[in-house]
**Student:** 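Have a look at this one.
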Amino acid sequence: MSRARLLEGGPLAEEIRRAVAEDVASFMARRGRPPALRVVIVGRDAPSAVYLERILRGCAKVGIDAGFVELEGEATEASVVAAVRELNEDPAVDGVIVQMPLPPAIRLRAIVDAIDPAKDIDGIHPLNAGLLRLGYDGFLPATAHAAIEILRRSGIEIEGRDAVVIGRSAVVGMPAAFLLVQEDATVTVCHSRTRDLAAHVARADIVVVAAGHPGLVTGAMLKPGAVVVDVGINVVDGHIVGDVDFATAVEVASAITPVPGGVGPLTNAILLTHLIRAAERQAPTDPLATPARPVLSGGDR
Ligand code: NAP
């Protein structure tokens, strides 16, 4: 069998970024300021600093006003909640992200609940999670959104196909599964207690892997011609790798996302489209404004 087609996120992200830059210019012309994003960061470990840097750079490229609010590593839950509430109340801030992971003493739930759902551009507030569950229009978690958007934009047929999602987290696995159901796939969600992962994967036309476990899916497990979306990000011997054993999977799959260079770059671009939406939705109605066109395929998601 020939090697799989590579589903690269970079070119798709570039396409999205160009559209976002136009939307930023249009927002700026109507509102007199660019859309604004603030990232709350508690302490600074190396990965989160890299991630933050990437977000800030991506925003700067398209003219978004991005900045961060940094709290010391010893910050209390109350101080993080207070920082989030302050951003919620600031009319000049359109979107808020809280950088994960948080220190163990801070309850994730307390912080997630504090974010204004209208500014929750990474879709982590329970209201947005509920809207997704019901198929209503809310903010999607950007990574799950990117995992499905890479399929849509690459022209991969989803409707009627058997999909397996490995991972059931609230931010990646479950929202990816709900999105696949919305796209009319038949979906199985696997997790660490799944008895025979290989048997499920062997039946799947589409495999989305979000487990944080390098080498979890190998070529030998895949149905020939399957489409593989690898969401995993792991550091092995100083290199970033996904959850899929790429060398063997690429020989069996018909299409596969590389790591790095697949879902990751698209996630960052998609986050920007969520910010534009948040900014447009919160802006007071301007009777002369033309509505922002949807930036993503598949409608106003
Ligand atoms: P998480 O909260 O740790 O969840 C991992 C999920 O995988 C859990 O549901 C877990 O099952 C399941 N799992 C773990 N080992 C497994 C195994 N051996 N077999 C089957 N299922 C297994 O992680 P996450 O936040 O969802 O992130 C998942 C991966 O995506 C990580 O590698 C992360 O770095 C990456 N990620 C990528 C991006 C991006 O932009 N590309 C963004 C965010 C995260 P249980 O529920 O039973 O524990």
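Remember, it's 1-based here, ligands and their atoms both numbered in the order they're listed. Note that the coordinates shown come from a computational prediction; the quantities given were computed from them, not determined experimentally.
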**Student:** Just to confirm my output: which protein heavy-atom neighbour is closest to atom 34 (O) of ligand 1, and how far is it?
**Tutor:**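 Its nearest protein heavy-atom neighbour is Ile233 O, 3.3 Å.
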**Student:** Nearest heavy-atom pair of Asp230 and Gly232: which atoms, and what distance?
**Tutor:** OD1-N, 3.2 Å
**Student:** To which of Thr143, Leu197, Ile166 does the heavy atom nearest atom 38 (C) of ligand 1 belong?
**Tutor:**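 Considering heavy atoms of Thr143, Leu197, Ile166, the nearest to atom 38 (C) of ligand 1 sits in Thr143.
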**Student:** Is it the case that one hydrophobic cluster holds both Val20 and Leu275, taking links as side-chain heavy atoms less than 4.5 Å apart, direct or via other members?
**Tutor:** yes
**Student:** Among Asn268, Ile240, Leu216, Thr257, which one puts a heavy atom closest to atom 17 (C) of ligand 1?
**Tutor:** Leu216
**Student:** Report the part of His213 (side chain from C-beta onward, or backbone N, CA, C, O) that has a heavy atom under 4.0 Å from ligand 1; answer both or neither where that applies.
**Tutor:** side chain
**Student:** Just to be sure I read this right, does ligand 1 sit under 4.0 Å from the backbone of Thr194, its side chain, both, or neither, counting only heavy atoms?
**Tutor:** neither
**Student:** Would you say Thr267 has any N or O atom under 3.5 Å from an N or O of ligand 1, going by distance alone?
**Tutor:**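 Yes; at least one N/O pair falls below 3.5 Å.
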**Student:** Would Val259 and Val252 show up in the same hydrophobic cluster when neighbours are defined by side-chain heavy atoms closer than 4.5 Å?
**Tutor:** no
**Student:** Which of parallel (below 30°), tilted (30 to 60°) and perpendicular (above 60°) describes His274 and His145?
**Tutor:**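 His274 and His145: parallel rings.
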**Student:** Can we say Arg33 and Asp94 salt-bridge, meaning some charged N sits less than 4.0 Å from an Asp/Glu carboxylate O?
**Tutor:**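 Looking at Asp94 together with Arg33, the answer is yes, because their closest N to O distance falls below 4.0 Å.
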**Student:** Can you tell me if Ala210 contacts ligand 1 (heavy atom of the residue under 4.0 Å from the ligand)?
**Tutor:**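 Ala210: in contact with ligand 1 (<4.0 Å).
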**Student:** Between Arg18 and Asp23, does at least one N-O distance fall below 4.0 Å, as a salt bridge requires?
**Tutor:** no
**Student:** Identify, for atom 4 (O) of ligand 1, the protein heavy atom at the shortest distance, and state residue, atom and that distance.
**Tutor:**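 Atom 4 (O) of ligand 1 sits closest to the protein heavy atom Ser169 CB, 3.8 Å.
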**Student:** Is any side-chain N of the basic residue among Glu280 and Arg30 closer than 4.0 Å to the acidic one's carboxylate O?
**Tutor:** yes
**Student:** Considering only heavy atoms, which of Met174, His191, Arg168 lies nearest to atom 46 (O) of ligand 1?
**Tutor:**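 Selected option, by shortest heavy-atom distance: Arg168.
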**Student:** Might you check, step by step, whether the distance between atom 23 (O) of ligand 1 and some protein heavy atom is under 4.0 Å?
**Tutor:** no
**Student:** Under 6.0 Å from the CD atom of Glu86, do we count more than 12 heavy atoms belonging to anything else shown?
**Tutor:** no
**Student:** Which protein non-hydrogen atom lies closest to atom 31 (C) of ligand 1, naming both residue and atom, and how far is it?
**Tutor:**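 Protein heavy atom with the smallest distance to atom 31 (C) of ligand 1: Gly212 CA, 3.6 Å.
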**Student:** What protein heavy atom sits nearest atom 27 (O) of ligand 1, and how far away is it?
**Tutor:**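 Sorting protein heavy atoms by distance from atom 27 (O) of ligand 1 puts Val172 CG2, 4.1 Å first.
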**Student:** Pick from Ile16, Thr143, Thr257, Leu271: which one makes a side-chain contact (heavy atoms from CB on, under 4.5 Å) with Leu266?
**Tutor:** Ile16
**Student:** Do the non-hydrogen side-chain atoms of Arg161 and Asp184 ever get within less than 4.5 Å of each other?
**Tutor:**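 The answer is no, as the side chains (C-beta and beyond) never meet within the 4.5 Å cut-off.
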**Student:** What protein heavy atom sits nearest atom 25 (O) of ligand 1, and how far off is it?
**Tutor:** Val171 CG2, 3.8 Å
**Student:** Any chance the side chains of Arg277 and Thr273 put a donor and an acceptor closer than 3.5 Å?
**Tutor:**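 Side chains of Arg277 and Thr273: no pair found under 3.5 Å.
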**Student:** Please state which option from Gly9, Ser192, Gly262, Gly264 has its nearest heavy atom closest to atom 11 (O) of ligand 1.
**Tutor:**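 Minimum heavy-atom distance to atom 11 (O) of ligand 1 goes to Ser192.
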**Student:** Measure the distance from atom 35 (C) of ligand 1 to every protein heavy atom, then report the residue, atom name and distance (to 0.1 Å) of the closest one.
**Tutor:** Val231 O, 3.4 Å
**Student:** Nearest protein heavy-atom contact for atom 12 (C) of ligand 1: which residue, which atom, what distance?
**Tutor:** Gly167 CA, 4.0 Å
**Student:** What residue and heavy atom of the protein are closest to atom 3 (O) of ligand 1, and at what distance?
**Tutor:** Ala211 O, 4.6 Å
